[in-house]
Amino acid sequence: MPANRSKSEKHDAAAKPVRRDPYEVLGVSKNSADQEIKSAYRRMALKYHPDKNANDPKAADMFKEVTFSYNILSDPDKRRQYDTAGFEAVESESQELELDLSSLGTVNTMFAALFSKLGVPIKTTVSATVLEEALNNLVTVLPLPLGQPISKKVEKQCAHFYSVRITEEEARSGFVCRVQSSDKSKFKLLYFDREENNGLSLALQEDSAKTGKVTSAGMYFLGFPVYRLDQTMNSVAASKDPDAAFFKKLDGFQPCEITELKAGDHVFAVYGDNFFRSASYTIEALCAAPFKEEKEYLRAVETQILTKRVEISKFETEYREVLAQFTEMTSRYAQEMQAIDELLKQRNEIHASYTSAPPMKRSRSKSRGSFKEAKEDGQVKDKKSTMRDRPKKKKWYNIHLKVEKRKPC
């Protein structure tokens, strides 16, 4: 017979939200490819986006559920853990917070800006208005010639769209699109797929990151898997455990979904991700043909990073075990030191009892009493002697009056 659960356990079980299968939420199968999962997520996220469903709590809950499901299935490690052990394997680590700045109020935006300035990474989403206008082909697309940088300023939660044309030879050599901001503005670099209705659907996005005196973001299509580092991944878990900041540093190192581009026109966009002001930027498209050595060097370094990530994962287990032993030994060290100090203190007190005279409380009180009595006796004697030496005063009734005898008449 199962044991009766306490009221607190029943309350916790009732309070815990019931999670639906992420595959069911996104409407994909367990064998779906990464690109299929990403497309399903973007389609549903746009459908339930807060911009399009104001004051609809059901749509807001659905948007959170879609985002939560995608956070699991888009991460190869979390997806594997979920497929093996379900939600218990992935819910131990907090999911990253994603914000749509266009739907935030003024106060909430100020708090988000403060946290961002303090170094707390906040993952933001692209405004649904921008995505919907792109999907309906209502955006202006400017040409971006290869090797010719363009500098502009984009308003917050708005986007500038650019079209780049590459040839067969340039596609084989590889292609790079990069954006920099000398003002350290926050922005996103977006890549769009062309739909059948000539609309644009978001396929890739890269958040800007601080690199020295600038913020930058880049997309590299070089014909082999190029990895990107998501700085916000596991940021909450790392803040709770200082060591996690080191061991989780490479967890966000994931391959880009698209490794190469075909010949033709390709659309990129720069999205203003600042909280209050516009974002200054310079965008440039390059053919990778002149950078053969850099391509090979990049491939070699990323291979080393992947190897290091595996090594660090194994090292973490060893480190945690040794750290637990060290903590135990440190605690025992403090206890033993305290015990030794206490014993030495007791020993010194015993030694001191042999060399110091015992307190004479009674004799001291007697001497004080006798001295007091002697003092009082002296005062009485002195008083008597002074009285004795002092001449006596005659009282008025003892005055001797001389009376002369008169003769009788």
Side-chain angles (χ1 to χ4, degrees), residues 2-13 15-16 75 77-78 80-82 84-97 111 114-122 209-210 229-253 304-372:
N4 293 328
R5 294 189 299 175
S6 64
K7 291 183 179 180
S8 60
E9 290 176 343
K10 291 180 180 179
H11 178 74
D12 293 342
K16 190 175 182 179
D75 187 321
D77 292 335
K78 290 181 181 179
R80 183 177 62 256
Q81 292 170 2
Y82 173 78
T84 304
F87 283 113
E88 293 182 358
V90 295
E91 284 189 336
S92 58
E93 295 182 359
S94 300
Q95 301 298 322
E96 292 78 23
L97 176 65
F111 276 109
L114 175 62
F115 286 131
S116 178
K117 193 170 183 178
L118 291 175
V120 180
I122 298 178
K210 290 183 180 180
L229 183 61
D230 186 355
Q231 301 284 356
T232 62
M233 183 169 284
N234 299 311
S235 58
V236 177
S239 63
K240 295 179 180 178
D241 182 2
D243 293 330
F246 168 71
F247 290 110
K248 303 295 183 183
K249 188 177 183 68
L250 297 181
D251 283 6
F253 196 66
Q304 294 177 20
I305 293 176
L306 293 175
T307 303
K308 183 60 67 177
R309 184 171 66 178
V310 176
E311 294 176 356
I312 290 297
S313 180
K314 295 179 181 178
F315 172 61
E316 181 179 10
T317 304
E318 300 174 4
Y319 174 81
R320 298 291 184 186
E321 293 176 355
V322 174
L323 181 62
Q325 295 177 2
F326 175 76
T327 303
E328 182 181 353
M329 291 296 103
T330 304
S331 176
R332 182 179 174 183
Y333 175 88
Q335 294 174 1
E336 295 293 347
M337 180 61 71
Q338 184 178 0
I340 291 173
D341 291 343
E342 184 63 29
L343 291 173
L344 292 175
K345 181 180 178 182
Q346 295 176 9
R347 174 180 175 273
N348 292 336
E349 290 177 353
I350 295 172
H351 283 189
S353 65
Y354 287 101
T355 57
S356 59
M360 301 296 289
K361 293 183 180 179
R362 292 184 180 179
S363 61
R364 192 175 299 170
S365 62
K366 286 183 179 179
S367 63
R368 287 181 181 174
S370 60
F371 175 75
K372 186 175 182 182

Measuring from [X]:[atom1] to [Y]:[atom2], what's the distance to the nearest 0.5 Å?
X	Y	atom1	atom2	value
Gln81	Lys78	CD	NZ	8.5 Å
Arg332	Glu336	CZ	CD	5.5 Å
Glu316	Leu323	CD	CG	11.0 Å
Leu250	Leu306	CG	CG	9.0 Å
Thr330	Gln335	OG1	CD	11.0 Å
Arg309	Ile305	CZ	CD1	9.5 Å

* **Within-4.5 Å side-chain heavy-atom neighbours: Thr307 and Gln304** =>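 No, their side chains stay 4.5 Å or more apart.
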* Should we say atom CD of Glu349 is surrounded by more than 12 heavy atoms from elsewhere, each under 6.0 Å from it? -> yes
* To do: Can you see which heavy atom on Phe246 is nearest to which on Ile312, and at what distance?
  => CZ-CD1, 3.7 Å
* Asked: Quick one: do Lys308 and Glu311 make a salt bridge, cutoff under 4.0 Å?
  ->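 Salt bridge: yes.
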* Hey, what's the ring geometry for Phe247 with Tyr319, parallel, tilted or perpendicular (30° and 60° as the breaks)? -> tilted
* Asked: Please walk me through it: do Arg320 and Asp243 pass side chain to side chain contact (heavy atoms under 4.5 Å, CB included)?
  -> CA-CA 10 Å; Arg320 298 291 184 186; Asp243 293 330; 3.9 Å; yes
* Asked: Taking Ser331 for the side chain and Thr327 for the main chain, is one N or O donor matched with an acceptor at less than 3.5 Å?
  -> no
